[in-house]
Amino acid sequence: MPARVWIEDLWNYVGKEVVVRGWIHRLRILGGINFALVRDRSGVVQVVDEKKLLSDFRHENVVEINGEVIEEKRAPGGIEIRLKGVKLLGEVYYESHLPVQIYSDRSVSRLKLETLLKYRVLTLRNPRQRAIFKVLNTVVDAFREYLKNLKFTEIHTSKIVASATEGGAELFKIDYFGKKAFLAQSPQFYKQIMVGVFERVFEVGYVYRAEKHDTPRHLNEYLSLDVEIGFISGLEDLLELETGLLKHIFKKVREENEEELKLFNAQVPDIEEIPRLTIKEVTGILKREFGKPIIGLDLDTEGERLITDYVRKRWGSELVFVTHYPLSKRPMYTYPDPSNSELSLSFDLIFRGLEITTGGQRIHDYRMLVEKIEERGLNPDDFSYYLDAFKFGMPPHGGFAIGAERLVSKILNLPNIRMASLFPRDRHHLCP
RNA sequence: GGGGCUGUAGUUCAGCCUGGUUAGAACGCCGGCCUGUCACGCCGGAGGUCGCGAGUUCAAAUCUCGUCAGCCCCGCCA
């Protein structure tokens, strides 16, 4: 018996007999012939069953089939397997029908989000749903690959923390052997501390926000792609780093997820330079071009969309860096702009109307940091372990974080970020 | 935290405004026919606590109130 062949490799076996293992994706029983679609990790293939061996099989049965690979114009995808034999590897135990049809991309894409998530174990098997996570996988791989080439070290920091890092955001409280603890909202402090060790670090990890928002772009647990780099000479170094990083991520997605992108009719931007605007310039443009009143130096959801439209028209870019936010709107560790103490060396990256990154240069001087903590009415003693790193010498540094699900949502034009999380944790979903 | 909306078959929805016999459609499912299906086709069939509770009424999916669940927008964030 020949070894198992992946469905994606069947073109190399035309005219040969192969063994394929997978699931009965779709079964169509006609008078004297059956057509089945069989699905494995790599794809779906039509199986022609002239001996009616599959007549009593059911959707999602796990099978091993063998037969000859035939090039056939009438087959979907131009290739099919003439069934010679089938073995049942896994039984199914549902009554009459699956709760949702997963063989049809069209019917899966018409499901209400609630239903899509309720039957997540099934709906994820749909090739189009599965494609989202292949893209996410490429994004994470490309992120790692690019940074490792630049001598970054991947770190893994604790998600159980004693105190807030940035204040403001709501935290999940947990009981830690009788002590009050929290789920980390960001690896911020730890990645900065690790700049004192490795100079260049990144982390791929979940972070937690207990905010009771319920929108198509928020999750209470999301995958944060965190970067922190030492010995920078300014904000520009960070913008350049992220530009190169995204260029690489987009290139990889384009190369490795052609099929997946097609399923979503998605175009990945081909970036050269990402336009850079200060928040002051942005609010000016919004007022001038769209008559939007300025309410402080900040961007609301509508503003993010409008500036995206403007940048797209003006420079043909779907991404834009917005820089130099007011210091007061940024966390206490943010480096003040030397040319205007009201502003900060910070930035957001907006992609197709959505903020996918926040970053900036950090304060690296111990005294300055203590000062800023006190200015905000916080107690430096609460940050002693963090401050110790600075007491013992830190280089000028900065970093940023990319929201992985947001990035993937925007690449694929998903209507809701929850679709980019396998088992999303939002206000209403703790299970599955 | 503020505002808007939805809940009817396994799924996606119509019916509600203007109350009236047995609540419909499409897809899916079951049985029959069909050797090129791929939105197959044809014949037959099963499937409903109209989210839940109360009220108004001769009569409620439909009107009113309450309640639970979900969706969208804003704020805040990645």
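Hydrogens, waters and symmetry mates are skipped; everything else that's a heavy atom, side chains included, is used. Chain naming here is simple, since letters A, B, ... match the order of the sequence lines and numbering starts at 1 in each.
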Whichever of A:Asp426 and A:His218 has its nearest RNA chain B nucleotide further upstream toward 5':
A:Asp426
Against the side chain of A:Arg305, the closest entry in B:C73, B:C76, B:C71 is B:C73
Would you say the base of B:G75 and the side-chain of A:Glu302 have a donor-acceptor pair closer than 3.5 Å?
no
Would you measure the distance from the P atom in B:A25 across to the matching atom in B:G47 and give it in whole Å?
14 Å
For A:Gln185 and A:Tyr208, test the side chains for any donor-to-acceptor distance below 3.5 angstrom and give the result as yes or no.
no
Would you indicate what A:Glu80 reaches in the nucleic acid, counting non-hydrogen atoms under 4.0 angstrom: base, sugar-phosphate, or nothing?
base
More than 12 heavy atoms of other residues, nucleotides or ligands under 6.0 Å from CZ of A:Phe57: yes or no?
yes
Taking only the P atom of each, what is the distance from B:G15 to B:G51 in whole angstrom?
15 Å
Ignoring the backbone of A:Arg418, work out which of B:C71, B:A78, B:G36 is nearest its side chain.
B:C71
Integer-rounded Å distance: B:C68 C1' and A:Glu114 CD
13 Å
When only distance counts, do a donor and an acceptor, one from the side chain of A:Arg406 and one from the base of B:C77, lie under 3.5 Å apart?
yes
Between CZ of A:Arg425 and C1' of B:A78 the distance, given in whole Å, is 19 Å
Report yes or no: is there a donor-acceptor pair, N or O only, under 3.5 Å between the side chain of A:Arg58 and the base of B:G28?
no
Ignoring the backbone of A:Glu50, work out which of B:U35, B:A78, B:G36 is nearest its side chain.
B:U35
Where protein sits on nucleotides 9-15 of chain B, one letter per nucleotide: B base, S sugar-phosphate only, - none, heavy atoms under 4.0 Å:
-BSSS--
